[in-house]
Peer 1: 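Attaching a single structure in C-alpha cells format; questions to follow.
Both backbone and side-chain heavy atoms feed into the values below; hydrogens, waters and symmetry mates do not. The sequence lines fix the lettering, A, B, ..., with proteins before strands; numbering per chain opens at 1.
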Protein chains: 2
Amino acid sequence: MSDAASSGGASARRRPPTIHDVAREAGISRGTVSRVLNGGHNVSPEALKAVNAAIKKTGYVVNRHARSLVTQRSDSVAFLLTEEQDRFFEDPNFNHLLRGCTAALAKHDIPLLLMIAGTEEERRRIGRYITAGHVDGVLLVSSHSGNPMVELLHEAKMPVVACGKPLGQVATPAYVAADDREGARQMLRHLLGLGRRRIATVTGPLDTPGGVDRLSGYREMLAEAGIDYDPALVVEGDYSRASGEAGMTRLLAQAPDLDAVFVASDLMADGALATLAKAGRSVPGDVAVGGFDDSAIAAAARPPLTTVRQPWERISGEMVRLLLSLISGEPPASVILPTELVRRETA
Amino acid sequence: MSDAASSGGASARRRPPTIHDVAREAGISRGTVSRVLNGGHNVSPEALKAVNAAIKKTGYVVNRHARSLVTQRSDSVAFLLTEEQDRFFEDPNFNHLLRGCTAALAKHDIPLLLMIAGTEEERRRIGRYITAGHVDGVLLVSSHSGNPMVELLHEAKMPVVACGKPLGQVATPAYVAADDREGARQMLRHLLGLGRRRIATVTGPLDTPGGVDRLSGYREMLAEAGIDYDPALVVEGDYSRASGEAGMTRLLAQAPDLDAVFVASDLMADGALATLAKAGRSVPGDVAVGGFDDSAIAAAARPPLTTVRQPWERISGEMVRLLLSLISGEPPASVILPTELVRRETA
DNA sequence: CTGAAAGCGCTTACAG
DNA sequence: CTGAAAGCGCTTACAG
C-alpha cells in the first residue's frame, strides 16, 4: 500500500548492496574494496577504515557466486555418505560426526553440503556434481571395502578426507580414525584384569577397518596374556542390534562357558545384553560385557555399558582441519586418535 | 614427468568445459546452448540434438556460480537446525527427516546446506548468510516457542517451511507436521479399548506443539470416554530418556493405582519402561505403555513398544514440495499428515 | 528459431 | 597504495 514501503527498503531487499555500493559509500574504487575483503593487503589504514565503515553501513555481504566464478573455488565442502553406510546413519555416531564437521566448518564460514549416494544413479549424479567443481573438497563417510566413489574422487584429484581408513583402494585417501586396535586392547586388558579368561567377541563386518582392527586388538591381547585363540569364541556381526543379539546367541551355543564378550559396537552390545538377559545370564556376574563407541546407547543400556570411547569431536575437527589444508595445497596426512576406556556397570 | 600428461588431459581437468566449448562442438551459438539447458524452448529439433550430443561429448556440466550470478538464485536450500533442538539431534527422528529431505531435494538436483544455529553468534552469522541470498529457501527444524530465527527469516521474506508448527510467532510460517492431537487420540482410544481407566501421561515440553497437542488429544479422548481429568495423572517431560524415567517415578508416587501411561515420545517411553521395571510393575500386565514416534527405539525397547507412527518420509517429502512451490512464487500452505497406531507388546 | 551483446558481482594482474 | 579494465561462465531481452 504505502509508497514508502515499496520504494527504498523493499527494493534494497531485492538486490542486496554490491561492492559498487560500498565503493561509492567509501569514496574509493571497487578494486580497493575487494582488496580489503580479501585480507586487506596493500591498503592504506584510512582506506581500510572507510571501507569497513561503508560495509557496516550498507550491510554488505559478499556475493559468493560472483566470487567463485572468478576464483574457481566454491568455498564449500561436501559431506558425502555412501550407500552401504545405511546403518551408520541410524547410529548416534553419525550425528556426532555430522554436527562436529558442520561446527568446525562454520568457524571458517564454509557451508557443508550434505550428499547421500544411495543408488548407483545417485552416485553418478553426485560424482558429476562434485567433480564439476561445485565443492572444494569432500568429507567422506564410507567404511566398507572397495567403495567406487573413492577412486572416482581420486581420479578427479578432488581433495578428500575419509572417516576411518578406506579399505581395498588402489590409493588410500587421507583419513582420520580412532585407534581401533589399541581400543580393543584397552578393553581386553580390562576384561583380563577382571580375571576373565574365556573372552568371546562379536566383531564388526570384516570388510571394515573397525571390524578388522578391533579383532586384531582382541587377538593380540589374548596372545600376550598367553591364552590360545579359540575360533568358537568369535562371530562376525554387521553393527546392527539384531546382529548383536544373534551373535550372542551363537556364542552361547558354541561356547557356553564364556565369561566375557567384547562386542565391537555399542548397538550390537545392546543386542547382546538382551540375549544374555533372555538366557538368564547375569551381567557382569556370569558374563562381563564390553562395547565400543560410547554412543548414547552405552549410558542408556541396562546395565549401563562399559565401553571404549571414540573421540568424535576430535575426529570431526581433524577431518575438517586436514581437508582445509589439503585444499590449500598441502600434502595429505592421516591421523589416528587415541580411544579411552569408559567403565560403567557391565564390566 | 610426461609432457602428454601435463598438457591436454590435465589442463582439461583444471578448467572444465564451458558453454562455449559445447557451442563450438555443436556448431551453434552459445545463446542456443543456454536455451536447451533451460528447458529447450524455442529450439529446433536439429539444434537440440546437436547440443545434446555436444554436451555428452564434452562432458559439460553447468557452472552454477555463473548461472546463479545472473539468475540471482542459488538453486540450493538450507536445512536449518536451531539450538534448542539439541535433543532432537540425538533422536533417530532427526536422521529420518534429514535423509528424507536430502533425497527429495536430490531428485531436483538441489543441494542441501546443513546449518546449525547453536550460539547466539552463530545465529547472527547464519542469519546474514541466508538473508544475503545464498540459499533460495530454508527447511526449518525448530519446535520450541518463540524462536527468533523465525521472525528474522520472515522479515527477510525468505521462503521457509518448518517441521512442526512453530509456536509463539507473530507470523506462523508454512509448516508440515504429523497430526499430534489425532495421534494421541488413537493411542488413548487403544488404551481405553484395552479396558484401562487410570491412564496417566508424560507430556512433551509444553512450549512445543508436540507437547501441547498430544496433551489435548489425551484430554479430549478421556473426556469423550466420560472420565474426569485428574492432574495427578499428568507430568511434563522434555523428550529426554531421563525425563521419562523421572516422570514415571513421579507418576507412580502421585497415582500408584494407574494402569496405563501414554508417553509423548519413544525415548521417554523407554525411560518410563526402565522405571516401571525397577518398580516391579509388569508391562503390559500391571501398566500398559504407549509411546509416540515409532522411532528405532520403539522396536528395540523391552518389551517392544506400542506407539504412534509419525510418517517421517512423507513429512520430509512434503516439506520439500512446499518449499519448492514457495520458491517458485506460489502462496504458502501447511500440511498435516495422519499418524498410525503401531501395536507391539506394551499395550 | 537463432545470434550478438549486455550484464550479473566479483577478483586480479597491470600500470601508475 | 590505488584505479581502470579485463574476464570468470552464464542468461536473457532484443533484433532479425
Peer 1: Hey, does B:Thr32 reach any base, or is it just sugar-phosphate, or nothing, if we go heavy atoms under 4.0 Å?
Peer 2: sugar-phosphate
Peer 1: Heavy atoms under 4.0 Å, any strand shown: does A:Thr18 hit a base, just sugar-phosphate, or nothing?
Peer 2: sugar-phosphate
Peer 1: Just distance, no hydrogens or angles: give the donor-acceptor pairs under 3.5 Å from side chains in residues 327-336 of chain A, sequence neighbours left out.
Peer 2:
{"from": "A:Ser328", "atom 1": "OG", "to": "A:Leu324", "atom 2": "O", "distance (Å)": "3.3"}
{"from": "A:Ser328", "atom 1": "OG", "to": "A:Ser325", "atom 2": "O", "distance (Å)": "3.1"}
{"from": "A:Ser334", "atom 1": "OG", "to": "A:Tyr175", "atom 2": "N", "distance (Å)": "3.0"}
{"from": "A:Ser334", "atom 1": "OG", "to": "A:Tyr175", "atom 2": "O", "distance (Å)": "3.4"}

Peer 1: To the closest 0.5 Å, what do you measure between NZ (A:Lys49) and CD (A:Glu46)?
Peer 2: 8.0 Å
Peer 1: Name the stems with DNA chain D in them: runs of three or more consecutive Watson-Crick or G-U pairs, distances under 3.5 Å?
Peer 2: C:1-3 with D:14-16, C:5-12 with D:5-12, C:14-16 with D:1-3
Peer 1: Side chains of B:Thr18 and B:Val22: does their closest heavy-atom pair fall under 4.5 Å?
Peer 2: no
Peer 1: Between B:Gly31 and B:Ala66, which has a closest nucleotide on DNA chain C that is more 5'?
Peer 2: B:Gly31
Peer 1: Mapping B:Arg35 and B:Leu69 to their closest nucleotides on DNA chain C, which lands nearer the 5' end?
Peer 2: B:Arg35
Peer 1: Can you tell me how far CZ of A:Arg64 sits from OG1 of A:Thr71, rounded to the nearest 0.5 angstrom?
Peer 2: 10.5 Å
Peer 1: Base, sugar-phosphate, or nothing: which does A:Asn63 touch, judged by heavy atoms less than 4.0 Å apart?
Peer 2: sugar-phosphate
Peer 1: Is there a side-chain contact between B:Leu113 and A:Leu112 in this structure, where contact means two heavy atoms from C-beta onward sitting under 4.5 Å apart?
Peer 2: no
Peer 1: Which value, rounded to the nearest 0.5 Å, describes the distance between A:Ser29 atom OG and A:Ile19 atom CD1?
Peer 2: 9.0 Å
Peer 1: Distance between the C1' atoms of D:dG16 and D:dT12, in whole angstroms?
Peer 2: 16 Å
Peer 1: Tell me, do A:Val141 and A:Thr82 make a side-chain contact under 4.5 Å, heavy atoms counted?
Peer 2: no
Peer 1: For D:dC14 and D:dC10, measure between their P atoms and round to the nearest Å.
Peer 2: 24 Å
Peer 1: Considering only NZ, NE, NH1 and NH2 on the basic side and carboxylate oxygens on the acidic side, decide whether A:Glu120 and A:Arg123 come within less than 4.0 Å.
Peer 2: yes
Peer 1: Give me the first and last nucleotide of DNA chain D, going 5' to 3', that has any atom under 4.0 Å from a heavy atom of chain B.
Peer 2: D:dC8 to D:dA13
